[in-house]
Each structure stands twice: as C-alpha cells, then as structure tokens.
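Worksheet: the structure to be examined is printed underneath.
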Amino acid sequence: MKVIKDKHSRKKSKIKVEKKLLEMFFLFFKIGAFTFGGGYAMIPLIRHELIMRKNWMSEDEFLTRLVIAQSFPGPIVVNFSLLNGYLFRGIKGGLFSVLGAILPSFLIILTIAVFLWHYHEHTMVQAAFMGIRPVVVALIVSAAYKLGKPIFQQRRLFVTFLLFLAGLILLNIHPAFVILLGAILGLLWPLKAARNEG
Amino acid sequence: MLGLLIELFFSFFKVGIFGFGGGYAMLALLEHEIVKNQGWMKIAELVDVIALAEMTPGPVAINSATFIGYQVAGLYGSVIATAGVIFPSLLIIMPASKIIMQHYGSERLNNVLEGIRPSIIALISLAAFVIGQSSIIDWKSALLAAGCLPLLIFTRLNPLVLIGLGAVAGILLYS
C-alpha cells in the first residue's frame, strides 16, 4: 500500500521532481558527511532530518525501513538511502540518494589517499599508528561483545557461534560460507521450533 | 589494467553481497579477500586503513573500498572498488523493494536473519582475532587494548577520543 501511495504522489508533483532529486541528494550527502563510526551512529541524524525537518515519513515508516536496511547485505547507509530514494522517486531517486550518501566518504578518503598517505611511512606517524592499532582491536572486540550478548545467553546459538568461529580460525573456511550456513540452519531448524522441542 | 579492475570489482562485490551485520562483520570478508586471496595489502596496512575509516565519516566498507581501490589501481580503482561494494545493494534493494516491503516481517525471512546472527558474531570475532594478532605485538600494545576495552563496553565514550589517545600513546611509547 505504501508503495502505491508513493507512486501516486510521484505523478502528482512531477514539476517538482528535479528539485526533489537534488534535495534528496543533499540530504543524504549531509548524512554521509556527518556520520562517524558506522551505520548506528547515523540514526539520530537521519531521524532529525527525515522526520522532524522534512516530514518525509512517519516514525513507523522510518523504523520499518531502517530494520529492512539493516537486514540486507551491504552498508546500512547505502541500503537505507537506496530504499528511501527508490520509494520516493523510483530508480533516479535511489541513485541520487545513494550517490549523496557515499560521495562525502569517497571524496574525503580519496583526498587522504592522494595527498596525505605518503606521510604514513614517516617514523612519527608509524609510531602513532602502532598506538592506534590496539584501540581498533578493542573497538572490534567491544562490537562483538555488544552485538553478541543476546547470543551468548542462548545455548544453541552460542554453540553455533563457537563452531563457526573454530571453522573460520582452524579450518580457514571462507567467511561467506559461514553466512550461508547460518541462513540455511535458520531456515531448516528455526529457533522457535527448537524452543518448542526443548 | 582492465583485468585488475575486474578483479577489484568482484572482490568488493563479494564483500558487499555477504556483508550482513554492519561494518565490523565485513572486516573478516575484507581481510579474506584483500590480504589472503589477493595479497593487495599486508594485514598491518589494512588495520591502519580501518583506523582511518573509523576517523573519517561514512561507512567503513565504503571508506576501505575507496582507499584500497586507490592503492591497487589509482583513481579508476577507487571508483570501481566503491561501485563493487554498493552494487549488491543496488541489485537487491531497488528491484526488490516492493517485495521487501510486503514480505517484511515474514517468518521465513526472520528465521534466516535469526540464523545468521551467530555467523555475524563469529565473523566479528574472527576480525578481532586476525587483527589482534598483527596489532598486539608486545605488552605495551596489549595494555592499551585491555585499557580501552572496558571504556568502550561500559562507558559511552566516543571511540574517536580513544583513537586520538591511542595515537598520542603510540608516539610516546614507540618513537
């Protein structure tokens, strides 16, 4: 229903299309430019921009689309901007939105790669990075801990996790294989059924 | 050159299409493709790129794709690698968005998503393990990591602050 509604509004306001596309581009550009530290950090900013300022969607729609963006593979910001852009203005809308979302990262990183990265070999910079690397490790461990907490509390999920990790480290299996295996396991032996049996 | 660009595209396409569960889960894929399979970078370099991706705005996957693409094949490389990461999303999200909106919340989809949760945590743990091996090289770096961990888990301290402190500590301890 939502999709159909969006389509109608698209027909109605055809004159505004060009402006709206640019508006979407700049909105996601802003989101892309100010979100440090991955997808979850951007949620408050997106809410503010999309719901409070532009009034482009309701709180419910926002949450549904956010969960969908998180459920599919690929960066959350990319999925979220694509989904919204497409639902607002079709393929063009999707492309304008996703370009807006990734362009800030692309430009900033390219600037660093072209102009600054040769300082990386400098002794002082190398020393700084030797101090930064352990912080990155701590960041990743804390992410595993925070996201894994609910899983560590359920025996079956915890055992699956341990088996997967052992396979990855000891047998060197491809990470993609672990994703596929998890999906198949979830499909064939859903947790709910397991809960009922146990 | 063309062959290299095609390889870049598909390596990052793989990272994108199996990249469930956000940036940290993608690191294991990234390491497997870039360091192990293709040998485009050493693991220590990749860790620095990840640190850089943390310090700059935008998704870690996009930041690292742009950077690694540039290192491997210049400007074209950065464009192709970035395109490779977002291409799976383009293929899935837009054509399927109507079906997604209808089937969202269906039992089967939920079962699949539930099923890959242990996989995602295993991938993040693998990334921590592999990156830890190359980054924690002596007692000083071990102490740094151990000191940061409780701050990250129990406080709402901005990780950027810790990265900044890590840089200062590195200069004091290692130069």
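Letters go in sequence order (proteins before strands), and every chain restarts at 1. Atoms considered below: every heavy atom in the structure, side chains included; atoms not considered: hydrogens, waters and symmetry mates.
Looking at B:Lys36, only its side chain comes within 4.5 Å of chain A, counting heavy atoms on both sides. Residue B:Ala96 does not touch chain A at all, counting heavy-atom pairs closer than 4.5 Å. Interface residue B:Tyr70: only side-chain heavy atoms are found under 4.5 Å from chain A. With a threshold of 4.5 angstrom between heavy atoms, A:Ala176 approaches chain B through its backbone and through its side chain. Proximity to chain B (any heavy atom under 4.5 Å) is shown, for A:Val114, by both the backbone and the side chain. Looking at B:Ala61, the atoms closer than 4.5 Å to chain A (heavy atoms on both sides) all sit in the side chain, from C-beta outward. Interface remark: A:Val178 contributes backbone and side-chain atoms alike to the contact with chain B (heavy atom separation under 4.5 Å). Of the atoms belonging to A:Ile173, it is backbone heavy atoms, and not side-chain ones, that fall under 4.5 Å from chain B. Both the backbone and the side chain of A:Phe72 come within contact range of chain B, each with at least one heavy atom under 4.5 Å from a heavy atom of that chain. For a residue to count as touching a neighbouring chain, one of its non-hydrogen atoms must lie under 4.5 Å from one of that chain's; by this rule B:Leu151 does not touch chain A.
Contact check for A:Phe88 versus A:Lys20: no side-chain heavy atoms found under the 4.5 Å cut-off.
Counting heavy-atom pairs closer than 4.5 Å to chain A, the top-ranked of the candidates B:Leu143, B:Val79, B:Asn110, B:Asn37 is B:Val79. The candidate with the highest count of non-hydrogen atom pairs below 4.5 Å against chain B, out of A:Leu188, A:Ile102, A:Leu185, A:Leu181, is A:Ile102.
The aromatic rings of A:Trp117 and A:His120 lie parallel to each other, their planes meeting at an angle below 30°, with 60° marking the opposite boundary.
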